[in-house]
Participant: 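Below is the structure I would like to discuss, written out as structure tokens.
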Amino acid sequence: MQLSALLVAGLCAVPSVLGHGEPNTAAAIAHRDAHIKRSVQSLGSCANKLVGRGVSIERQAKTSAFVNRYLARRGLEGGFEAAPSLAKKQSTCVLSPEQEEGPFYLDGELIREDITEDEAGVDLLLDVTVIDVNTCEPLSGVMLDFWSCNSTGTYSGYAQEQTTGLTWLRGLQVSDDDGVVQVTTKFPGWYGGRAQHIHIKAHVDYTIDDETETITGGTVPHTGQIFFDQDLLTTVNAVAPYTSDTNPFTLNADDRVVTQQANSTDGYDAFVDITLTGTDVTDGLLGRLTIAIDSSATPGPA
Ligand SMILES: *[C@@H]1O[C@H](CO)[C@@H](O)[C@H](O)[C@H]1NC(C)=O
Ligand SMILES: *[C@@H]1O[C@H](CO)[C@@H](O)[C@H](O)[C@H]1NC(C)=O
């Protein structure tokens with residue numbers, strides 16, 4: 001990937017389904033697009049810092065340790081070493097402040113590295129660095145919330161799909177001093193009308209009640225969706241149980257969130273950089289990306 005593609009990196013638009021307010025008025029969409037444009041510009045101007053800093057030996061070691069913890073859980077041989085070249089390709093995804101009613105009550109038990117529970121499918125190890133759009137410096141203490149559908153297109157914790165109370169493929173992690181968040185999930189399947197994607201919501205303002213294990217999030221969450229290369233999707237979707245997903249299929253090129261992103265800015269990359277953790281996709285996938293947040297941004301009109 002060219003340097004410019006790395007720097008004028010991506011964005012990932014707002015969640016679309018399941019009770020998450022997608023901006024659907026012209027004013028709300030304009031506000032989001034302006035936010036993304038500003039953020040991408042801002043990233044461009046602090047990009048030297050990103051390049052200058054490079055990916056430290058320590059950061060690479062964190063990625064390697066993450067993969068090796070996963071391999072150990074699966075009873076497989078460890079010794080995975082993240083290559084520097086791998087790190088240079090990281091996508092950056094800009095999250096947008098969302099108009100939603102807070103505060104949010106999050107279940108502290110969902111703070112966990114492995115969110116797969118007993119779901120079938122290809123393991124996906126998301127290795128994320130959270131940065132500030134204004135400084136390009138890592139942001140620590142950001143609570144990231146991940147969720148996606150299972151390999152046949154169903155979400156847990158969703159009344160309409162009779163999955164209320166189920167928590168698979170949902171989880172929270174807090175970024176460390178280097179802005180690092182690592183979570184192991186399953187590669188998502190698809191459902192009608194949408195390309196395969198994972199939702200991410202960031203809380204920069206929250207409190208944790210240790211006694212009740214309840215997390216109260218602030219009123220301005222930052223949200224986005226991340227996507228996968230179409231060729232990778234073709235490979236994964238040829239593997240069981242993805243082959244039994246009977247929902248209508250949508251290409252990235254036909255997905256409204258992907259195309260809205262293209263509308264928002266000239267250069268973008270909301271696609272996760274994937275590396276095999278073994279010899280085949282079924283051995284697991286390491287997915288790397290950088291998530292950029294403007295923590296002072298406010299949501300637009302509803
Ligand atoms: C996905 O979740 C639904 C709802 O729990 C379940 O019926 C389906 O079997 C799951 N898919 C797979 C491949 O396990
Ligand atoms: C941009 O948005 C307009 C209006 O929604 C749409 O017609 C057009 O196809 C979009 N362009 C791209 C590149 O997605």
Side-chain angles (χ1 to χ4, degrees), residues 1-3 5-10 12 39 42-74 76-95 111-115 123-146 171-185 198 200 202-204 206 208 222 224 226 269 271-278 283-295:
M1 180 182 290
Q2 294 199 334
L3 206 54
L6 165 70
L7 302 178
V8 187
C12 33
S39 295
S42 181
L43 281 173
S45 57
C46 61
N48 286 342
K49 248 185 218 164
L50 272 181
V51 173
R53 193 165 62 229
V55 174
S56 66
I57 301 286
E58 290 77 16
R59 181 67 186 87
Q60 275 180 62
K62 280 188 186 179
T63 302
S64 304
F66 175 42
V67 175
N68 288 321
R69 282 196 300 280
Y70 158 77
L71 294 174
R73 278 201 305 279
R74 281 193 56 175
L76 298 172
E77 194 107 346
F80 182 92
E81 280 189 44
S85 59
L86 200 91
K88 285 209 186 82
K89 295 198 306 170
Q90 285 183 73
S91 325
T92 299
C93 167
V94 175
L95 300 189
I111 300 182
R112 50 188 185 163
E113 178 170 302
D114 187 336
I115 67 174
D123 291 317
L124 175 62
L125 288 72
L126 289 176
D127 185 57
V128 178
T129 306
V130 185
I131 63 169
D132 183 306
V133 296
N134 297 306
T135 61
C136 290
E137 294 292 341
L139 275 177
S140 62
V142 176
M143 170 92 61
L144 287 192
D145 183 359
F146 297 85
L172 306 163
Q173 286 286 72
V174 177
S175 62
D176 73 9
D177 288 347
D178 296 316
V180 177
V181 170
Q182 297 173 324
V183 74
T184 299
T185 185
I198 293 178
I200 299 179
H203 291 278
V204 291
Y206 59 88
I208 300 181
H222 298 254
I226 55 176
D269 186 357
F271 290 79
V272 182
D273 288 304
I274 294 286
T275 309
L276 302 183
T277 62
D283 295 332
L285 300 171
L286 169 63
R288 298 167 59 109
L289 75 156
T290 302
I291 286 189
I293 294 171
D294 182 350
S295 48

Participant: Run the side chain to side chain contact (heavy atoms under 4.5 Å, CB included) test on Ile198 and Leu124 for me, step by step, so that the C-alpha distance in whole Å, both residues' side-chain angles and the decisive distance to 0.1 Å come before the verdict.
Facilitator: CA-CA 11 Å; Ile198 293 178; Leu124 175 62; 3.6 Å; yes
Participant: Identify the two heavy atoms, one from Asp132 and one from Ser295, that lie closest to each other, and give their separation to 0.1 Å.
Facilitator: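 Smallest interatomic distance, heavy atoms only, reads OD2-OG, 4.3 Å.
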Participant: Side chains of Arg112 and Gln173: do they bring a donor and an acceptor to under 3.5 Å?
Facilitator: no
Participant: For the OH atom of Tyr206 and the CG atom of Leu172, what is their distance to the nearest 0.5 Å?
Facilitator: 10.0 Å
Participant: Donor-acceptor check, side chain of Glu77 to backbone of Leu71, threshold 3.5 angstrom: yes or no?
Facilitator: no
Participant: To the nearest 0.5 Å, tell me how far Phe146 CZ sits from Leu126 CG.
Facilitator: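 If I round to the nearest 0.5 Å, the distance is 6.0 Å.
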Participant: Only one of Asp177, Asp176, Val174, Val130 passes side-chain contact (heavy atoms from CB on, under 4.5 Å) with Ser140; say which it is.
Facilitator: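 The side-chain contact (heavy atoms from CB on, under 4.5 Å) with Ser140 is passed solely by Asp177 among Asp177, Asp176, Val174, Val130.
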Participant: Side chain to side chain contact (heavy atoms under 4.5 Å, CB included), that's the test. Do Thr290 and Cys93 meet it? Break it down for me.
Facilitator: CA-CA 6 Å; Thr290 302; Cys93 167; over 6 Å; no
Participant: What I'd like to find out is whether the side chain of Ile291 reaches to under 4.5 Å of the side chain of Ile200, using heavy atoms alone.
Facilitator: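 Counting from C-beta outward, Ile291 and Ile200 do come under 4.5 Å.
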Participant: Could you check whether any side-chain heavy atom of Ile293 comes within less than 4.5 Å of a side-chain heavy atom of Leu139, counting everything from C-beta outward?
Facilitator: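 Heavy-atom side-chain distance check passes, below 4.5 Å.
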Participant: Let me confirm one number: the CD-NZ distance from Gln60 to Lys62, rounded to the nearest 0.5 Å.
Facilitator: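 That separation rounds to 13.0 Å.
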Participant: Using a 3.5 Å distance criterion without hydrogens, assess whether the side chain of Thr277 forms a donor-acceptor pair with backbone atoms of Asp283.
Facilitator: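 A pair under 3.5 Å: yes.
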Participant: Find out whether Leu144 and Ser175 are in side-chain contact, i.e. whether some heavy atom of one side chain is under 4.5 Å from a heavy atom of the other.
Facilitator: no
Participant: Working note: Leu285 + Leu276, criterion side chain to side chain contact (heavy atoms under 4.5 Å, CB included); need CA distance, chi angles, decisive distance, verdict.
Facilitator: CA-CA 5 Å; Leu285 300 171; Leu276 302 183; 3.4 Å; yes
Participant: As a quick check of understanding, evaluate side-chain hydrogen bond (donor to acceptor under 3.5 Å, both in side chains) for Thr63 and Asp127, giving each step before the final call.
Facilitator: CA-CA 7 Å; Thr63 302; Asp127 185 57; 2.8 Å; yes
Participant: Atom CD1 in Ile115, atom OG1 in Thr184: separation rounded to 0.5 Å?
Facilitator: 8.5 Å
Participant: List for me each residue that meets side chain to side chain donor-acceptor pair (under 3.5 Å) alongside Asp114, sequence neighbours excluded, and say none if there are none.
Facilitator: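 Listed in chain order: Arg73, Thr116.
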Participant: Look up atom OG in Ser39 and atom CG in Asp294, then write down how far apart they are to the nearest 0.5 Å.
Facilitator: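 It comes to 5.5 Å.
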Participant: Report yes if some heavy atom in the side chain of Val272 is under 4.5 Å from a heavy atom in the side chain of Arg288; otherwise report no.
Facilitator: no
Participant: How far apart are the closest heavy atoms of Phe80 and Ser64, and which atoms are they?
Facilitator: O-CB, 3.4 Å
Participant: Where is the tightest heavy-atom contact between Pro138 and Gly179, given as atom of each residue plus distance?
Facilitator: CB-N, 3.8 Å
Participant: How long is the gap from CG on Asp273 to CG on Leu286, to the nearest 0.5 Å?
Facilitator: 9.5 Å
Participant: Which pair of non-hydrogen atoms, one from Asp178 and one from Thr129, has the smallest distance, and what is that distance?
Facilitator: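 What the structure gives for the nearest pair is O-CG2, 3.8 Å.
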Participant: Start with the C-alpha gap between Leu125 and Phe66, add the side-chain angles, then the distance that decides, and say whether side chain to side chain contact (heavy atoms under 4.5 Å, CB included) holds.
Facilitator: CA-CA 8 Å; Leu125 288 72; Phe66 175 42; 3.5 Å; yes
Participant: Contact between His222 and His203 at the side-chain level, heavy atoms closer than 4.5 Å - yes or no?
Facilitator: no
